[in-house]
Number of protein chains: 2
Amino acid sequence: MTVKDVAAAAGVSVATVSNVLNRRPNVGHAIRAKVLRISSRLGYRPNRAAQAMRTGRTRAIGLVLPDLTNPFFPELAQAVESTARGLGLAVCLVDSQGEASGEADGLALLTQHAVDGIICCPVGARLPAQLRGGRPVVLIDRPLPGYAVVHANYLMGGELLARYALRMGHRRVGLLSGPTDIESARQRRAGFVGAFTGQIAWEIHLGFDGVLNAAARAALKQRGGATLVVCGNDLIAISAMRCLAELGVGVPQDMSVMGFDNIRWTDLVMPRLTTIAQPVGHIGARAVQLMQQRLDGAADLPPRGGRTVFDVALIERESVRNLAHK
Amino acid sequence: MTVKDVAAAAGVSVATVSNVLNRRPNVGHAIRAKVLRISSRLGYRPNRAAQAMRTGRTRAIGLVLPDLTNPFFPELAQAVESTARGLGLAVCLVDSQGEASGEADGLALLTQHAVDGIICCPVGARLPAQLRGGRPVVLIDRPLPGYAVVHANYLMGGELLARYALRMGHRRVGLLSGPTDIESARQRRAGFVGAFTGQIAWEIHLGFDGVLNAAARAALKQRGGATLVVCGNDLIAISAMRCLAELGVGVPQDMSVMGFDNIRWTDLVMPRLTTIAQPVGHIGARAVQLMQQRLDGAADLPPRGGRTVFDVALIERESVRNLAHK
DNA sequence: CCGGTCTAGTGTAACGTTTTACCGGCCGGA
DNA sequence: TCCGGCCGGTAAAACGTTACACTAGACCGG
């Protein structure tokens with residue numbers, strides 16, 4: 001089924017068929033209707049490869065994520081894929097597995113496949129030059145100078161946690177923060193530290209994958225007078241809860257825990273985890289919308305990037321004990 | 001950077017460049033080396049769109065999954081993507097979100113993008129005719145007549161669970177099985193039921209997404225003399241553990257629980273879940289390899305489908321109480 | 001009645017590959 | 001010496017689409 005067949009069947013030229021299908025104005029009512037009818041009757045679908053070659057557009061975007069086993073990302077991927085599909089865009093997935101080399105390989109593959117744009121949650125401090133093919137890039141969650149980015153208001157999240165902690169009477173806390181080289185982790189921390197007027201008993205930096213190192217386990221054992229441990233994300237928080245349980249420390253009776261992200265598991269763990277919910281679905285959808293804008297000409301965009309920030313909300317559950325006297 | 005530029009730089013014809021790059025035999029040592037050298041120096045990458053148009057091959061495959069929020073699938077996606085990338089294949093992701101309509105839409109999008117083949121974990125009892133473009137299909141986890149499929153040995157998994165349950169002295173169990181219309185769920189159940197010589201006190205069928213309905217909650221409350229609840233997958237098992245905890249039933253003291261899949265969370269939950277591990281990475285990798293075979297001509301393949309089955313293993317943790325007298 | 005401006009539609013040249021058909025030598029055998 | 005193959009390489013025709021340059025006719029004001 002090519003445009004030629006449709007043209008023949010409709011008794012018009014291929015150019016006219018193309019004009020109809022691309023809703024160009026230079027074709028009359030009658031012919032237009034006829035072409036539309038015939039092409040749908042024949043079940044004609046334009047050959048994307050040929051379109052791509054001619055126009056340089058593939059109507060496919062790349063989605064580059066650092067780690068699908070972190071439950072935050074599947075949810076994001078779902079949102080991205082579903083809104084992209086709604087726009088007729090295919091999504092090519094790359095999971096860099098946290099490796100800069102994997103990310104580079106994936107980006108190379110995507111550029112070779114000539115995706116129209118790339119939505120990326122970068123693993124490192126800068127994007128490999130590879131993808132600088134003038135292709136639009138939208139970052140998710142991790143800002144990088146010069147790129148558009150959409151993410152949750154991590155500062156606000158940190159502040160909400162801090163205020164809640166104070167309200168619940170906690171004056172001395174431990175921190176199991178995320179990696180220092182990831183801005184979102186720094187902002188979560190900064191938001192908390194800036195708004196928390198109590199004391200920080202200790203702080204350990206961990207990876208977002210939630211594996212506790214020896215220092216973290218030691219800190220949870222000593223506790224250093226902390227009544228609450230504030231975690232860089234839910235994975236860390238859940239690992240911490242498990243570690244505390246193994247140490248025979250009751251949560252929240254003996255130690256309170258707060259997370260960040262509100263992944264699904266926060267609701268299944270015992271006790272259920274108090275955390276910060278970010279609107280993952282909206283974030284993914286917005287990233288695709290921004291991409292779509294950039295693909296449609298769109299010259300009037302913020303020159304060097306621009307941020308889209310979504311508000312977050314505190315989800316109060318049972319992992320924080322109320323120490324405040326009524 | 002086109003083949004024309006390379007040809008000009010090397011002082012040969014475009015045909016020769018193409019012949020070199022596609023390792024055809026009709027070109028001599030000297031020229032071959034020169035072309036290779038020049039093309040890599042110029043950083044030439046063939047335009048996939050043009051290749052696709054000429055050859056009808058895109059070097060992209062579709063991956064259609066039912067639900068990325070079920071942790072089994074991200075792990076699978078990771079394996080598929082990484083081995084596909086190793087083979088130079090791009091992966092276009094579709095998450096049908098459990099909806100047949102989503103699956104159909106996704107498949108339509110993939111066919112329009114002319115992916116070379118489709119790896120799919122189908123949501124329904126048969127694949128929409130849409131994708132029957134003669135395109136190779138490899139199924140994962142859920143067999144369908146006429147298609148190749150790769151999955152874990154669910155029967156064996158069920159048997160392992162049954163034998164372990166008996167060994168631990170459980171003679172009366174409840175079943176929270178998966179959906180009856182999914183073969184993998186039926187096999188898990190069949191394996192268990194076939195090998196378990198004790199009594200089945202009750203059985204409830206649930207979705208694989210792990211949400212408990214009223215019947216399930218009621219059953220967990222009554223317990224009907226069961227000392228162990230055998231779950232269709234880990235999601236169900238973890239939900240069940242949470243429900244039992246809320247009912248004040250201790251796991252494993254008062255009630256034992258077993259899952260299936262060995263998703264990451266089984267190791268973080270309290271108590272850690274005894275379950276069946278399937279080699280997700282191998283399954284995903286193998287699916288891609290099968291696909292690759294089918295893409296390379298490969299006429300000598302099992303005519304109508306064929307199965308590849310991977311062994312599973314029991315992962316013993318702390319969610320099952322030992323009732324057997326020593 | 002004529003020149004100019006629309007409207008509706010056509011012909012065709014690209015886009016970057018692969019592949020088929022072809023061709024000029026060179027070599028070996030008769 | 002002549003002929004038939006083989007080796008190494010080339011020219012050019014596709015693949016299906018879009019977009020540019022055009023034209024035939026209609027319409028309109030002067």
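Letters A, B, ... mirror the listed sequences (proteins, then strands); counts begin at 1.
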Chemist: Stepwise, does the side-chain contact (heavy atoms from CB on, under 4.5 Å) test hold for B/Y44 with B/V3?
Modeler: CA-CA 8 Å; B/Y44 166 73; B/V3 67; 3.8 Å; yes
Chemist: So, does B/T16 get its side chain near the phosphate of D/dT10, meaning an N or O under 4.0 Å from OP1 or OP2?
Modeler: yes
Chemist: In whole Å, what is the span from the CD1 atom of B/I31 to the C1' atom of D/dT10?
Modeler: 11 Å
Chemist: Has the side chain of A/R37 got a donor or acceptor atom that lies under 3.5 Å from a matching backbone atom of A/R32?
Modeler: no
Chemist: Pairs under 3.5 angstrom only: tabulate donor-acceptor contacts from the side chains of residues 113-121 of chain B to other protein residues two or more places apart or in another chain.
Modeler:
| from | atom 1 | to | atom 2 | distance (Å) |
| --- | --- | --- | --- | --- |
| B/H113 | NE2 | A/R48 | NH1 | 2.8 |
| B/H113 | NE2 | A/R59 | O | 3.2 |
| B/D116 | OD1 | B/T58 | N | 2.8 |
| B/D116 | OD1 | B/T58 | OG1 | 3.1 |
| B/D116 | OD2 | B/T58 | N | 3.3 |
| B/D116 | OD2 | B/R59 | N | 2.7 |

Chemist: Could you state the atom-to-atom distance from CZ of B/R23 to C1' of C/dT19 in whole Å?
Modeler: 18 Å
Chemist: Report, as a single string ordered 5' to 3', how protein heavy atoms within less than 4.0 Å touch nucleotides 14-21 of chain D: B base, S sugar-phosphate only, - not at all.
Modeler: BBBBBB--
Chemist: When you compare the side chain of B/I140 with that of B/V149, does any pair of heavy atoms fall below 4.5 Å?
Modeler: no
Chemist: Measure across A/A285 and A/T83 and return the closest heavy-atom pair with its distance rounded to 0.1 Å.
Modeler: CB-CG2, 3.5 Å
